[in-house]
Protein chains: 2
Amino acid sequence: MLTLNLDFRSDVPLTNQIVAQIQRQLASGVLKPGDQLPTVRALATTLRVNFNTVARAYRILDEAGIISTQQGRGTFILEQPPPETSTQLRREALNALARRYLEEAHRLGFSKQEALQAIAQRNETATEGHT
Amino acid sequence: MLTLNLDFRSDVPLTNQIVAQIQRQLASGVLKPGDQLPTVRALATTLRVNFNTVARAYRILDEAGIISTQQGRGTFILEQPPPETSTQLRREALNALARRYLEEAHRLGFSKQEALQAIAQRNETATEGHT
DNA sequence: TATACAATGATACAAAGATACAATTATACA
DNA sequence: TGTATAATTGTATCTTTGTATCATTGTATA
């Protein structure tokens, strides 16, 4: 069971304390990829904190690519610690994605131009906060 | 056998992912009118999802007139996917693909522009997989 | 003091899961 | 063949879990 220790008198915001301590437990091996973290409400209760505070900490870790929070399911440590992959690898990964996308679009009977437009028409912020 | 691919990290709800992918397989001909879909429990097991999530997806498709779910019998692709909605389905399927592609590219740290270019640079002839 | 801002809390909501139920089909057996 | 019973399949409803939005609190600073 995840045991954190908050210092309510510290100047460090509770949210940040939660983030830092989870990161530390991950680095020290107490938490491992695939592990499920306590629910925001459960952890909030043990920490005697509002569950939104835990939720905020979880979101920060989520946006950092460290955990995955899934509404209705729970939050989990991701398999891959933040990938500092080379630009080369990232490029290859993107190309693989692009190839698959085009193939599927073609199977649906769309041309490359139509496939391009389908993407161009999407607003950029649609990928915000992926969990 | 119907094979879907869920992304638990996406901010697209699992239910919507299931709906979109079934529409896609229908539009691409993998699924044909009269075909029986897996039972809600069977599909849920393979997708590692609660069967209510599949049931919700089936209901959406049912209400859209695409499939017919029958308690105690199963769910089937309707004989008559309203012909004019065919292009509509293809369109929605493409949009779902585009959204997913952008999300994954974004996760790799690429902008929408870079994602677009990655496709634009590919040659058109990647259309294997027709029928 | 007053105002602005950041951190936290409160409340309502949405997505997914758990459980019990109803309709249909399959099976056993007289 | 007919009927009872079990198994299968979708449905209804409530619970669990994270999200969004606004209110409150404390603190810095003009």
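Everything numeric here is computed off the predicted structure, so don't read it as measured data. Every chain is numbered from 1, with letters handed out A, B, ... down the list of sequences.
Contact annotation: Thr53(A) reaches the phosphate of dG9(C) (side-chain N/O to OP1 or OP2, under 4.0 Å). Distances shown here put every side-chain N or O of Asn52(A) at or beyond 4.0 Å from the OP1 or OP2 atom of dT8(C). OP1 or OP2 of dT17(D) has not a single side-chain nitrogen or oxygen of Thr69(A) nearer than 4.0 Å. Checking the phosphate oxygens (OP1, OP2) of dT17(D), no side-chain nitrogen or oxygen of Thr75(A) falls inside 4.0 Å.
Other residues, nucleotides and ligands contribute more than 12 heavy atoms inside 6.0 Å of the CZ atom of Arg91(A). More than 12 heavy atoms of other residues, nucleotides or ligands lie within 6.0 Å of CZ in Arg100(B), so this atom counts as buried by the packing criterion. The 12-atom threshold is exceeded at CG of Asp7(A), counting heavy atoms of other residues, nucleotides or ligands nearer than 6.0 Å.
Hydrophobic clustering, with ILVMFWY side chains joined whenever heavy atoms are under 4.5 angstrom apart, keeps Val12(B) apart from Ile119(A).
A rotation axis mapping the C1' atoms of four pairs onto the next four is fitted at both ends of the helix from dT1(C)-dA30(D) to dA30(C)-dT1(D) over five pairs, and the angle between these axes is 0° to 10 degrees.
Residue-level contact check: Arg59(B) touches the backbone only, with heavy atoms under 4.0 Å from sugar-phosphate atoms and none from bases.
Between the C1' atom of dA6(C) and the CG atom of Leu14(A) lies a distance of 13 Å, rounded to the nearest Å. For the pair Phe8(B) CZ and dG18(D) C1', the interatomic distance rounds to 16 Å; values are reported in whole Å. For the pair Asp11(A) CG and dT8(C) C1', the interatomic distance rounds to 15 Å; values are reported in whole Å. Straight-line distance from the CZ atom of Phe51(A) to the C1' atom of dG18(D): 9 Å, rounded to whole Å. dT19(C) atom C1' lies 10 Å from atom CG of Asn50(B), rounded to whole Å. Spacing between atom CD of Gln17(A) and atom C1' of dA7(C) amounts to 12 Å, rounded to whole angstrom units. With rounding to whole Å, Ile18(A) atom CD1 is found 13 Å from dG18(D) atom P. Across the protein-nucleic acid pair, Tyr58(A) atom OH and dG18(D) atom P stand 7 Å apart, rounded to whole Å.
With dT8(C), dT13(D), dG18(D) as the choices, the nucleotide that has an atom nearest any side-chain atom of Val40(A) turns out to be dG18(D). Nearest to the side-chain atoms of Pro13(A) among the listed nucleotides dT21(D), dA18(C), dA7(C) stands dA7(C). When each of dA20(D), dT24(C), dA22(C) is scored by its nearest atom to the side-chain atoms of Gln71(B), the top-ranked nucleotide is dA22(C). For Arg41(B), counting side-chain heavy atoms from C-beta on, the closest listed nucleotide (dA16(C), dA20(C), dT21(D)) is dA20(C). Of all nucleotides listed (dT11(C), dT24(C), dA18(C)), dT24(C) comes nearest to the side chain of Arg73(B). Distance from the side chain of Thr39(A) is smallest for dG18(D) among the nucleotides dA18(C), dA20(C), dG18(D).
The two atoms that bring Gln23(A) and Leu61(A) nearest to each other are CG-CD2, 3.8 Å, heavy atoms only. Shortest non-hydrogen contact noted between Ala105(A) and Leu94(B) is CB-CD1, 3.8 Å.
The base of dG10(D) has none of its N or O atoms less than 3.5 Å from a complementary donor or acceptor on the side chain of Arg56(B).
Ile77(A) places a side-chain heavy atom less than 4.5 Å from the side chain of Leu37(A). With a 4.5 Å cut-off on side-chain heavy atoms, Ile22(A) and Tyr58(A) count as touching.
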